[in-house]
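What you see is a predicted model; the values in this text were computed from it and never measured. Throughout, a chain's letter reflects where its sequence line sits, starting with A, and its residues are numbered from 1.
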Amino acid sequence: MTRPLRVRIAPSPTGTVHLGLCRTALFNWAYARRFGGTFVLRIEDTDHDRNTQASQQAILDGLRWLGLDWDEGPEQGGPYEPYQQSERVERHLAWAEKLLASGHAYRDFSTPEQLDAWRAEQEGRKQRIAYRGADRDLDLAEAERRAAAGEEYAVRFRIPDGETTFEDLIRGQVTIPHHEIDDWVMVRRGAASPTYNFVVVCDDLDMHISHVFRGEEHLVNTPKQLLLYSALGEPAPEFAHLPLMLGTDRKKLSKRTGDTALGDYQAKGYPREAIFNFLALQGWALDGETDVFSREQFVERFDIRDVAKAGAVFDPDKFLWMAGEYLRGEKPEELAAHVKPFALEAGWMSAQELQERWPWFVRLVASVQERLALYSDLPHWVGHMFQPHAEVPYDPKAEKGARKRERRVELLTGFADALESGAIHGSPAQWAEQTKAWIEAQGAKIPDLFQPLRCALTGMAGGPDLFETLDLLGVPAALERIRAGAQRLA
RNA sequence: GGCCCCUUCGUCUAGUCAGGCCUAGGACACCAGGUUUUCAUCCUGGCGACAGGGGUUCAAAUCCCCUAGGGGUCACCA
């Protein structure tokens, strides 16, 4: 049976935007885009205390930031509104009534205490048995009478005998025996508040979702949902359970072993395309050879059937490498724009000053581009530029190296004189040539001057071409730094 | 513990469905060289895996069985 391809993600707005959600979204999105389907975003905010408006906004913003777009969702709407689960409760309850009437569900009047007692009883058992409600076999009319009398109850699904087998698009055949599945609660006692496993099916049905791609932690929920589809007499969607993203402890990625929130990586200055690309690589590969690819290539090649079965351990090293790969590929203008917030945050100058010196800033950024992996690496390399010239902090390693050069003071002073007098002039490339010739004329080696010079100019042991740096600094400032250096390194 | 899922270099993975093209390919990391005034980039090379055991077959990373290990899940959370 073919029906229109419709996929969705249904995040619950609790806390931060988890990378796992991002990847699930990525795969759903790519599948829809590749095969011409519709990508739906539904907010799973079933009246839980943990749901917050801020979190919902963060999810929307985060996914958009990643470059994902959805065809139907809470803000733009769509043909199956509303896209907030909490606003669909009436529908859910109606489905529940239907199931109650057909006998696929029943009212369970058990109290929480009774349930606790039952659970305690299970503790000791080797073979846990699935819960079957005490009132499972209560006469329907009798149950309705007690309900009408105001007695509180939960609505439970009546799990039939047998087992459920389904075809997972990633894992193949999966079978789970029904005696493992509780008569789970569809609607909570008293509150008329439906539970996740129930509403997810109602909503997917209502929204005509054809494929459900979600994390592996939902694998064991699937039979419950499948049983529900069949009780409702409706066709079930296809399912695929994505391998989990694991922390270095090999457990489900959590804060315990590192940052898990998209926001953490945005704040650290990971390029968006790098995050996108890296996430796509968690459980999937373009061709086994290519690690760096565009989102167009991704969409062109992605198929849920090619997703790996085994969990993927999140490798921060490779992620960092990927970040650098994208960052270094940016155009200087583009990079400068990305790095701007970090420059402002460093407090070197006001936004207005930065605007005025923009061409200079772009050159400055370009000079260190190949040394950066993250946008936030910028201050490390160019921070010295904004220090008082006479007291640029010296890195101990840089200073040590400079002091090894015995003629440092003499050469530094001589070079400053040559620069000031115009003996060294022209473009940075010409300065380099002239300086090298001058060093030779002094009977010295290149590092004899260059090492102390780099220390005096930047205070750092490494960095971009010296003359480029000198040019960026400007001759007057450079002279001040060199003369101060001659004294400080004496 | 029950059930379910998984298992190729330290890590991400290609190859497994259609057994031979695999003396198992790529990438990150690591190590060693080269380039550079330095750091970084870049280039070259190296290290390094089919979880174990049985079978089937002329032939198995690929098919079957068992064992071991890892993970997920066992809520009136989602």
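A 3.5 Å limit on both hydrogen-bonding distances identifies B:G34 as the Watson-Crick or G-U partner of B:C42. Nucleotide B:C17 forms a pair with no other nucleotide shown, judged by Watson-Crick or G-U wobble geometry with both contacts under 3.5 Å. Searching all strands for a Watson-Crick or G-U wobble partner of B:C74 with both distances below 3.5 Å returns B:G1. Here B:U7 sits opposite B:A68 as a Watson-Crick or G-U wobble pair (both hydrogen-bonding atom distances under 3.5 Å). Remark: B:A24 base-pairs with no nucleotide in the shown strands. Criterion, Watson-Crick or G-U wobble with two distances under 3.5 Å. Across all strands shown, B:G48 remains unpaired; no Watson-Crick or G-U wobble contact has both distances below 3.5 Å.
Crowding of A:Glu440 atom CD: a count of heavy atoms from other residues, nucleotides or ligands under 6.0 Å not exceeding 12. For CG of A:Asp161, the number of neighbouring non-hydrogen atoms (other residues, nucleotides, ligands) closer than 6.0 Å is 12 at most.
Across the protein-nucleic acid pair, A:Asn277 atom CG and B:A27 atom P stand 15 Å apart, rounded to whole Å. A:Leu320 places its CG atom 15 Å from the C1' atom of B:C12, with the value rounded to the nearest Å. Rounded to an integer number of Å, the gap from CG of A:Leu19 to P of B:C12 is 16 Å. We find that CZ of A:Arg214 is positioned 16 Å from P of B:C5, with the value rounded to whole Å. Between A:Lys309 atom NZ and B:C12 atom C1' there is a gap of 17 Å when expressed in whole angstrom units. Rounded to a whole Å, the CD atom of A:Glu468 is 14 Å from the C1' atom of B:C39. Summarising the geometry, the separation between CD on A:Glu289 and P on B:G25 is reported as 10 Å, rounded to the nearest angstrom. Going from atom NZ of A:Lys445 over to atom P of B:U38 covers 14 Å, rounded to whole Å.
Remark: A:Arg107 pairs with no residue by the side chain to side chain donor-acceptor pair (under 3.5 Å) rule, at least two apart or across chains. Partners of A:His92 by side chain to side chain donor-acceptor pair (under 3.5 Å), not counting sequence neighbours, listed by chain and number: A:Asp203. For A:Trp70, there are no ring pair (Phe, Tyr, Trp, His ring centres under 6.0 Å) partners two or more places apart in sequence or in a different chain. By the side chain to side chain donor-acceptor pair (under 3.5 Å) test, A:Tyr326 pairs with A:Asn277, sequence neighbours left out. Residues passing the ring pair (Phe, Tyr, Trp, His ring centres under 6.0 Å) test with A:Phe239: none are found, sequence neighbours excluded. Here A:Gln114 pairs with A:Thr111 under the side chain to side chain donor-acceptor pair (under 3.5 Å) rule; sequence neighbours left out.
Listed candidates were B:C12, B:U37, B:U13. Nearest to the side chain of A:Asp465 is B:U37. Listed candidates were B:U13, B:C3, B:C6. Nearest to the side chain of A:Pro177 is B:C3.
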Dump the pairs, protein N or O against N or O of nucleotides 71-77 of chain B, anything under 3.5 Å, distances to one decimal.
unit_1: B:G71; atom_1: OP1; unit_2: A:Lys251; atom_2: NZ; d: 2.6
unit_1: B:G72; atom_1: OP1; unit_2: A:Lys252; atom_2: N; d: 3.3
unit_1: B:U73; atom_1: OP1; unit_2: A:Lys252; atom_2: NZ; d: 2.8
unit_1: B:C74; atom_1: O2'; unit_2: A:Arg128; atom_2: NE; d: 3.2
unit_1: B:C74; atom_1: O2'; unit_2: A:Arg128; atom_2: NH2; d: 3.3
unit_1: B:C76; atom_1: OP1; unit_2: A:Arg119; atom_2: NH2; d: 2.9
unit_1: B:C76; atom_1: O2; unit_2: A:Arg189; atom_2: N; d: 2.7
unit_1: B:C76; atom_1: N4; unit_2: A:Ser110; atom_2: O; d: 3.2
unit_1: B:C77; atom_1: OP2; unit_2: A:Arg188; atom_2: NE; d: 2.1
unit_1: B:C77; atom_1: OP2; unit_2: A:Arg188; atom_2: NH2; d: 2.9
unit_1: B:C77; atom_1: O3'; unit_2: A:Arg188; atom_2: NH2; d: 3.1
unit_1: B:C77; atom_1: O2'; unit_2: A:His48; atom_2: NE2; d: 3.0
unit_1: B:C77; atom_1: O2'; unit_2: A:Arg50; atom_2: NH2; d: 3.4

N/O-N/O pairs, protein side and nucleotides 29-36 of chain B side, under 3.5 Å:
none

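Using a 4.0 Å heavy-atom criterion, one finds that A:Gly324 contacts no nucleic acid atom at all. As judged by a 4.0 angstrom heavy-atom cut-off over every strand, A:Thr175 is placed among residues touching the sugar-phosphate backbone only. Residue contacts shown for A:Asp168 are absent, as no nucleic acid heavy atom lies under 4.0 Å away. Counting non-hydrogen atoms under 4.0 angstrom, A:Gln282 reaches the backbone sugars and phosphates but no base.
Judged by closest nucleotide on RNA chain B, A:Ile176 is the one of A:Gln451 and A:Ile176 placed further toward the 5' end. Comparing A:Trp284 and A:Gln85 along RNA chain B, the residue whose closest nucleotide (by nearest heavy atom) sits nearer the 5' end is A:Trp284.
B:G25 and B:C64 have their C1' atoms separated by 28 Å, given to the nearest Å. When the C1' atom is used for both B:C28 and B:A49, the distance is 16 Å, rounded to whole Å. Using C1' as the reference atom, B:U7 and B:C66 are 15 Å apart when rounded to the nearest Å. The P atoms of B:G20 and B:U16 are separated by 8 Å, rounded to the nearest whole Å. A gap of 15 Å separates the P atoms of B:C65 and B:U56, to the nearest Å. Annotation: B:U35 and B:G72 have their P atoms spaced 50 Å apart (nearest Å). Only the C1' atoms considered, B:G54 is 14 Å distant from B:A68, to the nearest whole Å. Separation of the P atoms belonging to B:U8 and B:C3 is 24 Å when rounded to the nearest angstrom.
Between the side chain of A:Gln430 and the main chain of A:Ser427, a donor-acceptor pair closer than 3.5 Å is present.
Taking the six-membered ring wherever Trp is involved, the centroid distance between the rings of A:Phe109 and A:Tyr153 falls below 6.0 Å.
Counting atom types as modelled, A:Arg371 pairs no side-chain N or O with a base atom of B:U41 as donor and acceptor under 3.5 Å.
Applying the salt bridge (Lys or Arg N to Asp or Glu O under 4.0 Å) test to pairs two or more places apart or on separate chains, those with a residue in residues 446-459 of chain A are A:Arg405-A:Asp448.
Between A:Phe302 and A:Tyr31, the two ring planes are perpendicular [angle over 60°; tilted spans 30° to 60°].
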